[in-house]
Each structure stands twice: as structure tokens, then as C-alpha cells.
Protein chains: 2
Amino acid sequence: MSAKILVVEDEPAIQALIAVNLKRAGHEVIAALDAETARRHVDEVLPDLVLLDWMLPGISGLEFARRLRGDVRTRNVPIIMLTARGEESDKVQGLTTGADDYVTKPFSPKELLARIQAVLRRQRPQAAEDALEVSDLRLDPVTHRVTAAGRTVNLGPTEFRLLHFLMAHAERVHSRVQLLDQVWGDHVFVEERTVDVHIRRLRAALEATGHDALIQTVRGSGYRLSAEAAEQ
Amino acid sequence: MSAKILVVEDEPAIQALIAVNLKRAGHEVIAALDAETARRHVDEVLPDLVLLDWMLPGISGLEFARRLRGDVRTRNVPIIMLTARGEESDKVQGLTTGADDYVTKPFSPKELLARIQAVLRRQRPQAAEDALEVSDLRLDPVTHRVTAAGRTVNLGPTEFRLLHFLMAHAERVHSRVQLLDQVWGDHVFVEERTVDVHIRRLRAALEATGHDALIQTVRGSGYRLSAEAAEQ
DNA sequence: CGACGGGGTGACGCTTTTGTGACAGGTGGC
DNA sequence: GCCACCTGTCACAAAAGCGTCACCCCGTCG
């Protein structure tokens with residue numbers, strides 16, 4: 001889960017420290033040493049999250065946060081405040097101004113990352129969590145369980161995601177590349193044929209319940225999960 | 001006396017008004033504009049109190065309240081209903097569904113706060129929570145005792161809370177991060193792997209009674225407590 | 001008929017994820 | 001201060017999955 005993160009921190013050393021860690025975690029960092037620069041950046045890139053130092057020269061973090069909340073476009077961008085230890089009243093004030101979380105300095109990079117993940121997770125409107133059903137195959141994202149005609153089907157993580165995707169987009173044909181993008185992730189680089197292997201593993205797992213025919217091969221195009229039995 | 005308050009209200013203006021006032025009074029506000037969001041928040045943060053608008057788009061306040069009462073974890077979370085003036089019959093119905101109090105719109109912030117304080121005060125002496133049972137494992141939140149098939153199981157505080165949470169959300173898969181948030185607390189920072197260790201300690205404690213298989217590992221996702229025996 | 005492109009399969013190192021035992025604090029009772 | 005009990009982290013072992021290959025089969029098409 002990577003995101004564009006605007007880091008507003010006037011202390012260059014800390015700014016750099018943060019940047020290094022966020023980047024290592026795969027996030028995109030936009031650095032700003034003062035509120036003025038930050039404001040410009042906000043306009044230009046519309047970050048996914050703002051890391052905001054509480055003590056800024058000139059305009060305070062409080063004020064900056066307030067402006068973010070005032071603008072329709074940035075109203076929903078989550079804010080994490082950086083505060084010096086023990087400024088309890090600031091924390092309270094910060095949270096009331098609309099910060100989503102805070103981290104006290106000094107902080108461990110790990111903690112910072114964890115909080116960022118937490119806030120981003122809270123933010124994303126988690127795709128529909130309802131169980132999927134196709135023919136009497138049933139996949140429940142919440143319990144992470146797959147059953148076919150009552151019997152439980154055991155799948156590895158990748159097969160689970162693959163089936164999840166196929167069931168969510170049943171009847172449609174997906175090329176190997178599409179499947180790689182959707183199931184493995186956009187940036188991951190693996191052989192296209194790898195998809196074949198996982199399809200096979202998935203079929204093998206479903207075979208025990210006689211549902212392996214659900215996944216059909218469309219020669220030259222890709223794969224499709226269909227409720228209609230594949231005619232031959 | 002500050003508390004985490006979930007505000008379910010679809011009108012942004014009112015939502016904001018409420019939020020400002022609650023925050024000023026030192027409460028932590030979790031805002032939700034619709035029932036769907038609210039439900040997610042409930043799962044994540046387990047609020048101390050729910051402020052619930054009667055007229056919600058989609059699922060009604062009544063229905064939402066009923067669901068809160070249906071879940072073991074939220075059974076005892078007090079609910080204050082917000083109703084439009086003059087919907088007397090609604091009020092009655094609301095109270096019978098389990099709302100603890102109601103406030104008619106328009107309301108004064110002072111009145112709202114007063115009612116909240118009152119309900120919280122009334123609530124404090126934790127109403128007796130029901131014991132949880134999964135397969136013949138039994139956990140009693142009141143006596144803080146766990147028994148499996150009659151025999152008592154000895155747990156440390158953390159393991160107890162962990163088991164409590166898992167039992168309250170049986171069948172569901174929880175990531176390590178979720179468990180840390182829920183069992184350790186939002187602002188505690190410990191390694192994710194720490195969860196593994198506690199899961200192991202929990203399993204070890206249950207092993208004596210042969211119930212250790214209740215806690216299953218879902219590779220790549222987390223852990224799950226399930227009555228169904230783990231397949232293999 | 002033989003070359004060919006596509007897809008199915010079984011095997012196999014390798015990496016990632018979990019399970020585990022040990023350990024260095026920390027806390028509260030005494 | 002000493003003990004008994006918990007806790008969070010590590011390092012290492014054990015699994016469980018993963019991505020690739022090589023090889024096979026099969027329908028197509030010149």
C-alpha cells in the first residue's frame with residue numbers, strides 16, 4: 001500500500017530521516033520545510049496523507065491543518081501530527097482540529113510507518129466485504145474461507161486472491177497480463193506463464209469437489225470463471 | 001470523563017456541529033455519514049457510546065441499533081438516538097430497541113453533552129457482559145475466567161484479552177495489525193511478530209485441554225478462531 | 001505430415017511466513 | 001532486595017507457497 005505523502009517539517013535532519021524511511025517503504029514523499037511551500041505542494045499534487053510537524057515557523061501546524069480542512073479538495077486528506085513529547089494539550093487541540101492521529105517525537109521509523117498504514121487503511125473505503133457466490137462455490141473475504149457445496153476448500157494466499165478476483169468478475173475473460181496486474185499487483189514482475197500454474201493449482205483444489213470446470217480456458221485470450229458448465 | 005463516541009449522522013452540517021462540541025468537551029469523535037461506514041468503525045474502534053441519527057439513508061437507525069445489540073462486543077455500548085422533534089412514536093420504538101436515551105433535534109450542545117455524561121455515568125459500572133462460548137471453550141468476562149471442557153485454563157492478561165477478542169469475533173480472520181490495534185490498543189507500538197508469540201502462548205495454554213486447534217493460522221493474512229476443526 | 005503456438009503439468013530450488021525456545025527487562029508482592 | 005509472573009524481541013528452525021522450467025499434449029495450418 002503505497003501513497004503520496006506530504007511531509008511538512010522544518011527541521012532538515014528530521015525531514016530527511018522521515019523521507020528515507022517512507023521511501024524505503026515504497027511511499028512517494030513530497031517534502032516541505034515550511035507551511036508556504038507545503039501549501040503550494042498541496043495544490044499541485046493533492047497528497048494521500050499529510051505528515052505535519054506541530055511546531056512550524058510562521059503559521060502553526062494548527063493553522064495549516066485548519067486550512068486543509070477548510071478546502072473541499074483537501075477536507076478528507078488524513079493528517080498525522082508530529083508533536084514533541086509531553087505536549088498533551090497540543091495533541092488534544094490537534095485532534096480536535098482534525099488530525100487523524102499523532103506521533104510524538106522522538107519516534108521510531110517503524111512506529112511512524114505503522115501509524116501511516118493504520119490511517120491509510122482507515123481511510124480507504126474497504127471494498128465490499130460481502131461473500132461471493134457463483135454456482136455453489138462460495139468465498140467469504142471476512143472469514144477468508146472458500147466452500148464448494150458445503151465442503152471447505154483449502155487455498156494458498158495467491159490462489160485465494162486469484163479466485164476472489166475471478167469470482168468478483170465472473171463470466172468475463174481475463175488475459176494473463178490483466179490477472180497479473182489485478183491479482184499480483186501492478187508493479188510486480190513475474191512470468192505470464194505463472195498464471196497458468198496458479199490456475200492449475202486452483203483447479204486442482206476445486207477438483208476435489210468437482211467444481212474445477214468452473215474455470216475455463218479461452219484459447220489465445222486467457223481464463224474465465226463461469227457458472228455455466230463448460231460444454232465440450 | 002472523556003470517551004470515544006461514534007457519531008452516525010448523514011447531515012454533514014449537523015455532524016460537524018456535534019463533532020466540534022464533543023471534541024471541545026474532550027471526547028474522541030469518530031464520524032460516520034452512513035450506516036455502512038459506521039459499522040466498519042464499530043468493528044475497528046469499539047466506541048464507548050454511539051450517537052445515532054434516527055433517519056439514515058439505506059438502513060434505518062432502528063436496524064443499526066438492533067445490529068449493535070446483536071453483537072456480543074457491542075451489546076453493552078450505550079446508544080443515544082437523535083430524532084426530529086415530534087416523532088414521539090419513534091422515540092418509543094427507539095427506546096425499546098435498546099437506545100439508552102434520545103435527544104430531539106434541534107438540540108442545544110449543552111443538552112447533548114449533559115445527556116452523554118449522564119449515560120456514560122450510568123454505564124460505567126460495566127453492565128454484566130455475557131460469557132462467550134465457542135465449542136466447549138468458555139470465557140467469562142466478569143469473573144475473568146476461562147474454562148475448556150470444564151477444566152480451568154490459566155492465562156496471562158494479554159492472552160486473556162487476545163482470546164476474548166478472538167472469541168467475540170470468531171470465524172473472522174484478523175491481521176496482526178488489527179489484533180494489535182484491538183487487543184494491545186491503538187497507540188501502543190509493538191512488533192507485529194509479538195502477536196505470533198502470544199498466539200503461541202495462548203495455544204500452549206489451550207493445548208492442555210486439546211483445544212489448541214481452535215486458533216487457526218491463515219497464511220499471509222493473520223489468525224482466526226473457529227469452531228470448525230482446522231482442515232488438512 | 002511436420003512445424004508451430006498455446007496451454008497443461010510435475011518437479012524443484014528458493015523465498016517468505018510462521019512456529020518456537022530463550023532471554024533480558026519490568027512489575028508488584030512481600 | 002528477592003521472587004514469581006509477564007512481556008516484547010530475537011535468532012533460528014520448520015513450513016508453506018511461489019515462480020520457473022522443461023517437457024508433454026493437442027489442434028492448426030501450410
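Throughout, a chain's letter reflects where its sequence line sits, starting with A, and its residues are numbered from 1.
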Check the distance between C:dT18's P and B:R224's CZ and give it to me in whole angstrom.
13 Å

Judged by each residue's nearest nucleotide on DNA chain C, which is more toward the 5′ side, A:R193 or B:G222?
A:R193

Tell me if the side-chain of B:R201 makes a donor-acceptor pair with the base of C:dG19, cut-off 3.5 Å, by modelled atom types.
no

Atom CD of A:E192 and atom P of C:dG5 are separated, to the nearest Å, by 16 Å

Looking across every strand, which nucleic acid part, if any, lies under 4.0 Å from B:R203 by heavy atom: base, sugar-phosphate, or nothing?
sugar-phosphate

Think B:T217 has a side-chain N or O under 4.0 angstrom from the OP1 or OP2 of C:dT18?
no

Once you round it to whole Å, what is the distance between P of D:dC6 and CG of B:L162?
15 Å

Rounded interatomic separation in angstrom, taking CG from A:L202 and P from D:dG19:
14 Å

Are any of B:R200's side-chain N or O atoms less than 4.0 Å away from OP1 or OP2 of C:dG21?
yes

Ignoring backbone atoms, test whether A:T158 places a side-chain nitrogen or oxygen under 4.0 Å from the OP1 or OP2 oxygen of D:dG17.
no

Integer-rounded Å distance: C:dG6 C1' and A:D196 CG
9 Å

Looking at C:dG19, I'd like to know if its phosphate oxygens (OP1 or OP2) sit under 4.0 Å from a side-chain N or O belonging to B:Y223.
yes

Between B:H174 and B:Y223, is the gap from one ring center to the other below 6.0 Å?
no

Rounded to whole Å, how long is the line connecting atom CZ of B:R161 with atom C1' of D:dT7?
11 Å

Compute whether any side-chain donor of one residue and acceptor of the other, for B:H211 and B:D136, lie under 3.5 angstrom apart.
yes

B:D48 side chain to B:K4 backbone, donor-acceptor under 3.5 Å:
yes

Check whether any side-chain N or O of A:R219 sits under 4.0 Å from OP1 or OP2 of D:dG27, and answer yes or no.
no

Please tell me if B:R176 has a side-chain N or O lying less than 4.0 Å from either OP1 or OP2 of C:dT18.
yes

Using OP1 and OP2 only, check whether a side-chain N or O of B:W184 sits under 4.0 Å from D:dG8.
yes

Pairwise 5' ranking along DNA chain D for A:G156 and B:E191, keeping only the more 5' one:
B:E191

Nucleotide D:dG19, atom C1' - distance to CD of A:E159 in whole Å:
12 Å

Indicate yes or no for a side-chain donor-acceptor contact from A:Q182 to the backbone of A:L179 under 3.5 Å, with no hydrogens or angles considered.
no

Could you tell me how far apart B:H198 (NE2) and D:dG8 (C1') are, to the nearest whole angstrom?
7 Å

Charged N to carboxylate O below 4.0 Å: is that the case for A:R145 and B:E171?
yes

Map A:V197 and B:I199 onto DNA chain C by nearest heavy atom, then report which one ends up closer to the 5' terminus.
A:V197

